[in-house]
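Just so you know, residue 1 is the first one in the sequence shown, and it goes up from there. Only heavy atoms go into these numbers, but all of them, side chains included; no hydrogens, no water, no symmetry mates.
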Amino acid sequence: MTKWQVWGWCGLAVAAVTLQGCAAFRGEKLPKVDATQLEVTQGSNKLKVFARWTSDALVDPVPDKALQAGAELSKKSFEDAIAASHCCTFVDQEAQADLLVDGIRYIKTDKLTAAPVLLTGLTLYLIPSWETTPFKVSVRVQKGMDMRVYELEDSVTTIQWLPFILAMPFADPLTVSSAVESNVYQILVLKMKADGLLSQGPR
């Protein structure tokens, strides 16, 4: 092996370790929402919302800390989507609310993906591996006698492979996952708006 070949392989190894050929792609199961679609003209008299979020395992058992983190993330994502609609304020007590929201976020852990990911790392990303993360929620919304149930699901597939060093700036896993996360809850709010749950009216 020549000196230049050695330097080439060393450079490839450094790039693999430092840059990590990793890119994420949306599942495209749900349409993308423009935040302006969420807006509701409500005036100063906004609806009061009480929201309760929990997490549950989709397949394999999930650690309690992960379930708690998932519930907190759902709460924040939903509150951000509601805030974009300018329709409502949140209250701490169910009795004060015009709108009751009970949501479950399903979390998936797949032990079978650990071995392929390890193999990818050991081969400096020359052998690819991938994992699909679902974003699934089940939500019950009640306003007076009107109750609706929404089931929403999308996904992100993360692929680890050396050539994706070039794709990473355009398909960064954290950025893509955050966008899909936000979109799921924006779709939820959009559906609630279409069903008349975000408009003013008696409980």
Side-chain angles (χ1 to χ4, degrees), residues 22-56 58 66-91 97-108 130-144 146-159 164 167-201 203:
C22 188
F25 304 91
R26 302 173 70 124
E28 302 290 354
K29 296 180 181 179
L30 297 172
K32 294 180 182 179
V33 176
D34 188 315
T36 58
Q37 297 176 258
L38 305 177
E39 294 180 3
V40 177
T41 304
Q42 214 59 317
S44 59
N45 188 23
K46 296 185 177 182
L47 292 177
K48 296 177 181 178
V49 179
F50 176 82
R52 178 170 39 226
W53 285 92
T54 59
S55 292
D56 200 359
L58 190 58
L67 292 175
Q68 181 180 352
E72 291 174 355
L73 182 56
S74 288
K75 180 177 181 293
K76 182 182 184 307
S77 299
F78 178 67
E79 289 179 353
D80 289 345
I82 284 289
S85 72
H86 308 293
C87 71
C88 314
T89 58
F90 286 92
V91 294
D98 304 304
L99 200 65
L100 304 177
V101 179
D102 281 288
I104 302 175
R105 178 195 190 100
Y106 293 98
I107 299 176
K108 177 187 176 184
W130 55 87
E131 180 180 9
T132 298
T133 302
F135 289 77
K136 182 177 181 179
V137 296
S138 176
V139 187
R140 185 183 66 186
V141 183
Q142 184 171 359
K143 182 184 179 186
D146 190 2
M147 187 179 73
R148 307 294 176 99
V149 175
Y150 303 97
E151 304 279 348
L152 300 171
E153 184 174 3
D154 208 336
S155 63
V156 171
T157 297
T158 303
I159 302 176
F164 282 162
M168 188 172 177
F170 310 100
D172 174 60
L174 292 178
T175 301
V176 174
S177 294
S178 178
V180 171
E181 167 84 18
S182 297
N183 194 68
V184 167
Y185 295 90
Q186 289 174 345
I187 289 284
L188 171 60
V189 171
L190 194 61
K191 287 181 176 291
M192 292 166 58
K193 176 184 174 181
D195 289 337
L197 295 174
L198 301 184
S199 58
Q200 294 182 14
R203 287 187 58 185

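- Listed here is the closest heavy atom pair of L190 and Q37: CD1-O, 3.4 Å.
- What you find for T89 and K46 is that their closest heavy atoms are CG2-CD, 4.2 Å.
- Atom CG of D34 is separated from atom CD of E39 by 9.0 Å, given to the nearest 0.5 angstrom.
- To the nearest 0.5 Å, the span separating CG on D98 from CG on L197 amounts to 12.0 Å.
- Between L58 and P134 there is a side-chain heavy-atom pair separated by less than 4.5 Å.
- Atom NZ of K136 sits about 11.0 Å away from atom NZ of K108, to the nearest 0.5 Å.
- Among Q142, R148, K143, the single residue meeting the side chain to side chain donor-acceptor pair (under 3.5 Å) criterion with D146 is R148.
- Here the side chains of Y106 and S138 are in contact, with some heavy-atom distance below 4.5 Å.
- In terms of modelled atom types and a separation under 3.5 Å, the side chain of S55 and the main chain of A71 share a donor-acceptor contact.
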Full working for side chain to side chain contact (heavy atoms under 4.5 Å, CB included) between Y150 and M192: CA-CA 9 Å; Y150 303 97; M192 292 166 58; 3.9 Å; yes
Stepwise side chain to side chain contact (heavy atoms under 4.5 Å, CB included) test for L198 and L99: CA-CA 8 Å; L198 301 184; L99 200 65; 3.8 Å; yes
Stepwise side chain to side chain contact (heavy atoms under 4.5 Å, CB included) check, F90 with I82: CA-CA 9 Å; F90 286 92; I82 284 289; 3.7 Å; yes
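- By the 30° and 60° cut-offs, the orientation of the rings of Y185 relative to W53 is perpendicular.
- Shown here for T132 and S155, the closest heavy-atom pair between the two residues is CG2-CB, 3.8 Å.
- Listed by chain and number, the residues in a salt bridge (Lys or Arg N to Asp or Glu O under 4.0 Å) with D56 amount to none (sequence neighbours excluded).
- Taken from CG in L152 to NZ in K29, the straight-line distance is 12.0 Å, to the nearest 0.5 Å.
- For G70 against I107, the heavy-atom pair with the smallest separation is CA-CD1, 4.0 Å.
- For the pair S182 (side chain) and S178 (backbone), a donor-acceptor distance under 3.5 Å is present.
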Verdict with reasoning, I159 to F25, per side chain to side chain contact (heavy atoms under 4.5 Å, CB included): CA-CA 8 Å; I159 302 176; F25 304 91; 4.0 Å; yes
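- Nearest heavy-atom pair across A81 and L38 is O-CD1, 3.8 Å.
- Side-chain contact between V137 and L188 is absent, with no heavy atoms from C-beta onward closer than 4.5 Å.
- Legend: residues meeting salt bridge (Lys or Arg N to Asp or Glu O under 4.0 Å) with R140, ordered by chain and number and at least two apart, are D102.
- Ion pairing of K76 with E181 is absent here, as no side-chain N (NZ or NE/NH1/NH2) approaches a carboxylate O to less than 4.0 Å.
- Taking SG of C88 as the reference point, atom NZ of K48 lies at 12.0 Å (rounded to 0.5 Å).
- With sequence neighbours excluded, the residues satisfying salt bridge (Lys or Arg N to Asp or Glu O under 4.0 Å) with K75 are E79.
- Within the model, atoms CZ of F135 and OG of S74 stand 10.0 Å from one another, a figure rounded to the nearest 0.5 Å.
- Closest approach of P31 and I187 over heavy atoms only: O-CD1, 3.5 Å.
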